[in-house]
Amino acid sequence: MPKERIMNAPGQKPWYIGWANCHPDIKSKIRQYYSIPEFLPDDAEFPETENIFFGYEIGAVMHLEYIPRLMWQGQIKGSKNWSIAPVPECEQVCHKFQFYVEPGDVVLLDTRVWYHATSIPKGQFSVTLQSEYA
Ligand SMILES: O=C(O)CCC(=O)C(=O)O
C-alpha cells in the first residue's frame, strides 16, 4: 500500500484488516505486551490463535461467527463503535443495541448468537486484540 493510504491521508480510501495469528513465535512476542483479562475464569480454555483488528473507519460488516468459544476483545488504541442485533429466533424478546469502546475497555460478546458490526470514528486509528475463552 502507498504510504499515504497506510496513513489514511485525506482523499485516500480507508482500510481495515483482521489478522489471525497462529504462529507460536509471533504469539509469544505479542503476549509480552498484554495479559489475558484477569476476570476470565481460571479454568477457561483458550485457543492458540488470536486476532488483531486494525485500521480506519470501515470496521466489520454485520455478521455472525462460527467459532467454538465465547469472544473477548481488548481495545488497545483508538475507539470503536459496535452495533449488535439479535438472531431472528430472539427478535421478540431481544433488541438491537450499540456501544462504544475506548482504549483499556474489554468486550465480552457471544458473537455466535448476536449479529455484530463495527466502525471506527473518522480520523482515528483503531487497534484491537481479540481471542476466545470457554
Ligand atoms: O473488531 C472488529 O472490528 C470485528 C470483530 C468481529 O467481527 C468479530 O469478533 O467477529
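Order of listing sets the numbers, starting from 1, for every ligand and every atom in it. What you are looking at is a predicted structure, and each value in this text was computed from that prediction instead of being measured.
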Identity and separation of the nearest protein heavy atom to atom 8 (C) of ligand 1: H116 NE2, 3.3 Å
query: CD1 of I67 to CZ of R112: how many Å apart, nearest 0.5 Å?
result: 6.5 Å
task: Look only at interatomic distance and state if T128 has a nitrogen or oxygen under 3.5 Å from any nitrogen or oxygen of ligand 1.
output: no
message: Show the atoms of ligand 1 that are less than 4.0 angstrom away from any heavy atom in Q130.
response: 5 (C), 8 (C), 9 (O)
statement: For Y16, the ligand 1 atoms with a heavy-atom partner under 4.0 Å come out as 1 (O), 2 (C), 3 (O)
task: Sorted by first residue and then second, give each ring-ring contact (aromatic ring centres under 6.0 Å, His included) pair with at least one member in residues 22-55; sequence neighbours left out.
output: W15-F54
field: Numbered atoms of ligand 1 (with element) below 4.0 Å of K80, judged on heavy atoms
entry: 1 (O), 2 (C), 3 (O)
task: Please report the shortest heavy-atom distance between V113 and L64, naming the atom on each side.
output: C-CD2, 3.9 Å
query: Could E102 and K80 be called an ion pair, given the rule that one side-chain N must be under 4.0 Å from one carboxylate O?
result: no
- prompt: Counting N and O atoms only, with roles assigned by atom type, does the side chain of T118 sit under 3.5 Å from a partner on the main chain of A60, one being a donor and the other an acceptor?
  reply: yes
- prompt: In this structure, are over 12 heavy atoms from other groups packed under 6.0 Å from Q32 atom CD?
  reply: yes
- prompt: Based purely on interatomic distance, does T111 place a nitrogen or oxygen under 3.5 Å from a nitrogen or oxygen of ligand 1?
  reply: no
- request: Any chance you could measure E50, atom CD, to I36, atom CD1, to the nearest 0.5 Å?
  value: 8.0 Å
field: Under 3.5 Å: N/O of Q73 near N/O of ligand 1
entry: yes
query: Going by atom types only, do Y56 and S126 share a side-chain donor-acceptor pair under 3.5 Å?
result: no
field: Nearest-contact summary for atom 7 (O) of ligand 1 - protein heavy atom, Å
entry: H63 CE1, 2.8 Å
task: Specify the protein heavy atom at minimum distance from atom 4 (C) of ligand 1: its residue, its atom name, and the distance to 0.1 Å.
output: A60 CB, 3.7 Å
task: Pull out every atom of ligand 1 sitting under 4.0 Å from any heavy atom of T118, numbered as shown with elements.
output: 2 (C), 3 (O), 4 (C)
- prompt: What protein heavy atom sits nearest atom 10 (O) of ligand 1, and how far away is it?
  reply: E65 OE2, 2.3 Å
